[in-house]
Structure formats: C-alpha cells, structure tokens
Amino acid sequence: MEQKITTALQETIKELYKTDFAIDAKSIQRTRKDVEGDFTIVVFPFLKVAKKNVEMVAQEIGEKLSEKLSCQYQVIKGFINLSFPDEYWLHFLGNSLTNSNFGYKEKKNEKPIVIEYSSPNTNKPLHLGHIRNNLLGSSLAKILTACGEHVLSVNLVNDRGIHICKSMLAWQKYGNNETPESSGLKGDHLVGKYYVEFNLHYKDEVRELMRQGMSQEEAEKKAPLLLEAQELLQRWEKGEPVVIELWEKMNGWVYKGFEETYRQLGISFDKTYYESETYLIGKEIVQRALKDNIFIKKSDNSVWVDLRDEGLDEKLLLRSDGTSVYMTQDIGTAFLRYEDFSAQKMIYVVGNEQNYHFDVLKLILTKKLNTAFGNSIFHLSYGMVELPEGKMKSREGTVVDADDLIEEMILQARKSSEALGKNDFTNEEAEKLYRLIGLGALKYFILKVDPKKNMLFNPNESIDLNGNTAPFIQYSYARIASLLRKAEALNINYLAKPDSTVTISKNEKELIKSLNEFPKVIENAGEQLNPAIIANYLFELAKDFNRFYQETPILKEPEVEKQKIYLQMSKLTSITLKNGMALLGIEVPEKM
RNA sequence: GGUUCCGUAGCUCAAUGGAUAGAGCAACUGCCUUCUAAGCAGUAGGUUGAUGGUUCGAUCCCAUCCGGAAUCGCCA
C-alpha cells in the first residue's frame, strides 16, 4: 500500500505543480494512534515546489490522492491523514493468515552473505559478552535469511597464539595433570582456570621485579613466565610434537565445553575456521607484500604496515621473532573466506573495542593489497556488556559466566512458574518449558537493546520475566494458542472470508495495521542489522493484542462474522509472534 | 593527549528530521463465580548533559563545552 501511495503522490505532485518530485519513503508513515487515519503524508517537503501555504497544499494534495486511491482524507496542520476502508484491512488479514511463513521473503538468487560471529578464544570459557555476540550473530543470520538472502554463518576459532600458550604453560606448571574428568570441571572452564592462574603468577613476578627496582614497563616485558610463554609460542609455530600434543589436548577439552554452550544457546555454524589453519596464509600474504615493498621491515626484523597517509598509524604485522599477530591472521582469513564463498558481503560481528582493528584491516585490504573484496567486509560493531562496576575482564576473573547465567535463568523460570502455581504439566513438559522461558528471557534481554549501544547487566538483579520480556510475548502466544484450540474444539471455521458488511473498531483496526507492518519490520531489521527492531515490534504487538484480548470475550462474541474476524486477528498475531521470535532464536510454547 | 562512540523519567531501555518524547522495572490505586492475572486499566515521574547554529520543524544534523566509555600493545 505504501508503494501505491508513493506512486499516486508522485503523480499528484506532477499534475498539480508540474514537477517531478522524488518521494522519500519517509514522507509516508503510519498515522499516530490518537488521530483518525491509516497513513500520514507530511506535506512540508512539497512547499518548495507548491509555493502556497501549508493548509492549501495539504488540501489539494489530499483531494487528488483520495480520488486516486479511493480513500478518505483529513488534513491537520501540515499532515494529510488517509483512511482506507475496513474491507482493505480485512482483505489483508484474510490473505495472510494461512501463510505460516508470514513476514518472510522468498529466497533471492544472489551471492551469499557470510556472517562471522562467536569467534571464541580457546583459553577461557564464554561469558556474557560472548553471549551477546553469539545471539546477535545468529539472530542476524536468521533475519537476513528471512529477507531472502543466502546466508552462511561461519565461526573463526582463535585456537592459537600467545594467550593459549599462557593457559598451557600454567597448566604444565601448576596443573598436576588435572583433567575435566579428574576435576569434574567443564573443559573450557578448566582451561580458563589456568589462564587466570597464569595472570596471578605473572603479576606476582612483575611485582617482585619492580620491588627489585625495575620499571613497570620493563618488568611486564621481562617476567620469566611471559618469556616462557613466548618461547612456547615459538615452539608451537615450529610444530614441536610435545607442544602440539598438549595444545591439542587442552583445545579438545575446550571444544567439548563450547559445544555444550552452543547447544544450550541453539547456535550452529555452516563452517568453522581455525586460526591455526589460516594464520600461515596471512603470513605468506604479508611476506609477499613485503617483497613488493608494500609493507616495511624494521631493523629488529618486525614487519609493519604504514597507514599514516590514511590518517592512522603504523601497525605491526609480524613480530620480531617471526610469529604472527591477530592482524596477520585476519588478513589471511579474509582472503580464504572470499575464495571459499565469493560473498557479496562479509559481516564480522565483533565488539566495538576492535573498531580500530577493523579500520586497519579494511585499509590494508583495500588500499595496500588492492583486493576487490576489501570493500565488502563490514564490521558489525556492537557495544560492551558492562557490570555495575565496569567492564568484564577475563584475566581478572570478573566475568558473568555464560553457562552459569543460562543455568540461573532456567532456575528463575522454574521458581517463577512454581510461584504462580502452574502445575498442569508433566515433568518433561515442565523442564522443556523452563528452558524455553529462561533462555527466551536471556536472549530477549540481550537482543532488545540496540547492538551499537553498550548495555548494563546487574548480576544482583535477576533478569525480569514480566513486562518487556520474552515470557510476556511467549505468554501472549500461549494464550492465543489455547484460544484457537478452544475455537477449533467448538468447530468454529474462522478461516473463511468474513461477510463484507462487517465493521471493525478503531482499536481492532490498529492491531491489523500493526500486523500489516511485520514484513516491513523484518526488512528494516535486515537493512539496519538490528534485531532490537524486531524485539521492540513484537512487544508492542503483544501488548496491543493483550489489550484487545482483555477487552473482547472472543468466544462469547454473539455476532458470528465478528467472531470470525477476531479469531483471524488472533491467528495472524500468533503467527507473527512465533515467526518474529524465531528470528531472535526464541521459541514460543503452545501452553504456559 | 589524539581518534571514535555514548549522555533521554529514580533504574533499564524506545523514539526512519515530523504532530502532545514513549515503554518496562521500582512506587501507588483498581480488575480473576476467568476465551490462562507471567495479564489488563489507571496515578505519579522529563528544561532529552549545557550553550549556540542549520531548518517550516531538532532527542536526532553541525559547532563548542561538560561528563562517561573504548582505543591508540611485539594481547586478541
């Protein structure tokens, strides 16, 4: 309909003012709730070509438009409000409610979009920050798929590097051969424990060296533990069997742990890259470019890229001992990934703390290495999850652990459900429901916030299960499901086309209008790469429906045709809630 | 210090340059002989950090200032 209005408006302007006017989609919007109308046109932009006062322009445009579109119009100040007949909205309703894919687009025939997310380090378990990353990535993959794109989710496991060596070293030194089996710890947690251990001992060493008169900077570089870790990394890059064996063993523990967390979150990938398999590609590319004088070698043998022409600084690409750094690997991975998929776009879901890194990466790929795909990489930079006392730090152990939080949420759901005296479930059903609610609440809590923004998590206040939350939406869905079951049990055939003489109230029409917006909301979320748009829409929709539900005893409605429409509205709302929540990775229960 | 991002109700968050800045939580008042009260209705809460500018119109764009965060690692 917006499209129709745009076209009609374009014609009208041309007829009235003899000008071609590019109509901005923004000048047509949904009418405010407290004003009569369905769509609103803002006339201010046309004043330049019309050269008359606002009221007159609005009147004459409204007049013509209402003829072309056969609708009513009403002018208030600089706004034309168009109203379409009930029939139009009922037609939309009837057409959509049998489509279980309502809101989703057909797959387009285009090159894939590759989206990288998760990208864990194998030296520590996942925490709340990673949860945000994983949820954003998997939700965006679903949203883009719903927009008709061919989406490939990839994970890049950072399984090598100095930080991994730190955990390995600490385990060697202080581990007493501890294993997940012997300790009863989940593999990733066990390895993480030694990463923290390393930093504790390392700090002690630094403190001791400073006590002996060394500067902090020097002490941090010369602490024996760090030197040992660096040596371990070199031995790893040389492929020394003992080192590789230990590395494989500990990474194996971590993968098992990660798998479990991913399973809980419902996350999976089309392809997993390991940096241990890709960093050499990056190294090679850097070496080759060094020969071509694109990069520079300093006297200590370290290799750098000079980006001062681009307003940035010099950046290290290879250490003086020849080992590679994060940037080296990312260059290699980008090449490999483009070879693999020839993607139209490569999205990296990575925290905003790495904005500079991605600026540099993109500049290296486009300006220095002149790749064609450099411009197709896009850093989806999301904000940090902060605690009341500030940022989470793995090294300090001040993090909200992902597994703990998931468990806590499921427990919350159980407690809450029991407190409400819900006992109409088998044990199995109940367990499933608690998971669905707990995880839903967690996912929604994260995804309803604009990805770009930092967000706060207060561990002392449990995540809400009332108000603007997943359980609220899930509950709305479950009530509709129950309602529709009852209607079917009463043999009410609500799918049939309603009698055209039936009319609907303003509030009812508002709800249908909201449903009508769903496909556009998805599109919007896809364009802006923002799941929060969907979350907020679903909340509004559920709220609108709940009001309607409360005001209208649907099954007691005496007018058959009206009842039919009410049930149709309920049905399409339930489809919309379900499909929308699915895009956030949240399930909805048939009973709650 | 340079660069980037952010400042909206007590708290957590909304608001494609459009009409009277909205929700949730917390507080207070009502509504279950029920299509599921994890719900609904209502009260209260604001100089959108500050000052200028652009515009018919600014929470949104620009400038300056104040406050906070990130980054500027041979960490990732």
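What you see below is based on every heavy atom in this structure, not just the backbone, and it leaves out hydrogens, waters and symmetry mates. All values reported here derive from a predicted model rather than from experimental measurement.
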Please check the phosphate of B/G7 (OP1 and OP2 only) for any side-chain N or O of A/K453 closer than 4.0 Å. yes
A/M455 side chain: which of B/A76, B/C13, B/G39 is closest? B/C13
Donor-acceptor side-chain pairing of A/Y566 and A/E508 below 3.5 angstrom: yes
With a 4.0 Å limit, can you tell me whether A/K422 has a side-chain N or O closer than that to the phosphate oxygens OP1/OP2 of B/A38? yes
Going by distance alone, is a donor N or O of one side chain under 3.5 Å from an acceptor N or O of the other, for A/Y326 and A/E275? no
Can you tell me if A/K486 touches the phosphate of B/U36, counting only side-chain N or O atoms and a distance under 4.0 Å to OP1 or OP2? yes
Is the base of B/C32 syn or anti, where syn means the angle lies within 90° of 0? syn
B/G18 and B/C62: how far apart are their P atoms, nearest whole angstrom? 16 Å
Distance check, C1' atoms only: B/U48 and B/G22, in whole angstrom units. 12 Å
Could you work out the separation of B/U47 and B/U59 based on their P atoms and round it to a whole Å? 14 Å
Measure from the side-chain heavy atoms of A/S416 and tell me the nearest of B/A76, B/A38, B/A19. B/A38
Closer than 4.0 Å, any side-chain N/O of A/Y475 to the OP1 or OP2 of B/A38? yes
Pairing donors with acceptors under 3.5 angstrom, does anything connect the side chains of A/S505 and A/N507? no
Nearest-angstrom distance, P atom, B/G17 to B/C61: 8 Å
Taking the six-membered ring for Trp, does A/F472 stack with B/A38 (centroid gap under 5.5 Å, planes within less than 30°)? no
Just compare B/A70, B/A19, B/A76 and give me whichever is closest to any side-chain atom of A/F79. B/A19
Measure from the side chain of A/F44, starting at C-beta and using heavy atoms only, and say which of B/A19, B/C56, B/G39 lies closest. B/C56
Both distances under 3.5 Å, Watson-Crick or G-U wobble: report the partner of B/A41, or none. B/U29
Without decimals, in angstroms, what is the distance between A/D464 CG and B/G24 C1'? 8 Å
For B/G39, does OP1 or OP2 lie under 4.0 Å from any side-chain N or O of A/R479? no
Would you measure the distance from the P atom in B/A63 across to the matching atom in B/U4 and give it in whole Å? 10 Å
Using atom P of each nucleotide, how far apart are B/U20 and B/C13 to the nearest Å? 29 Å
As a test of reading the structure: which of B/A38, B/A19, B/C13 is closest to the side chain of A/T31, going by heavy atoms? B/A19
Can a side chain N or O of A/K77 be found less than 4.0 Å away from OP1 or OP2 on B/U20? yes
Is the distance from OP1 or OP2 of B/C40 to the nearest side-chain N or O of A/N546 less than 4.0 Å? yes
Does B/C5 have its OP1 or OP2 closer than 4.0 Å to a side-chain nitrogen or oxygen of A/N355? no
Does the structure place the NZ or CZ of A/K448 under 6.0 Å from the centre of the six-membered ring of A/F539, at an angle of no more than 45° from the ring's axis? no
Quick one: which of B/A14, B/C75, B/C25 gets closest to the side chain of A/I162? B/C75
What is the ring orientation for A/H130 with A/H127, classed by angle as parallel under 30°, tilted 30 to 60°, or perpendicular over 60°? tilted
Name the closest nucleotide to the A/E353 side chain, picking from B/G24, B/A76, B/A70. B/A70
P atom, B/G53 versus B/C60: distance in rounded Å? 14 Å
Closest of B/G39, B/A76, B/A38 to the A/R319 side chain is B/A76
Return yes if a side-chain donor-acceptor contact under 3.5 Å exists between A/S320 and A/S302, otherwise no. no
Consider the side chain of A/M592, meaning its heavy atoms from C-beta on, and name the nucleotide among B/U36, B/C13, B/A76 that approaches it most closely. B/U36
For A/Y477 and A/E590, test the side chains for any donor-to-acceptor distance below 3.5 angstrom and give the result as yes or no. yes
Roughly how many Å apart are B/G45 and B/A27, using the C1' atom of each and rounding to a whole number? 10 Å
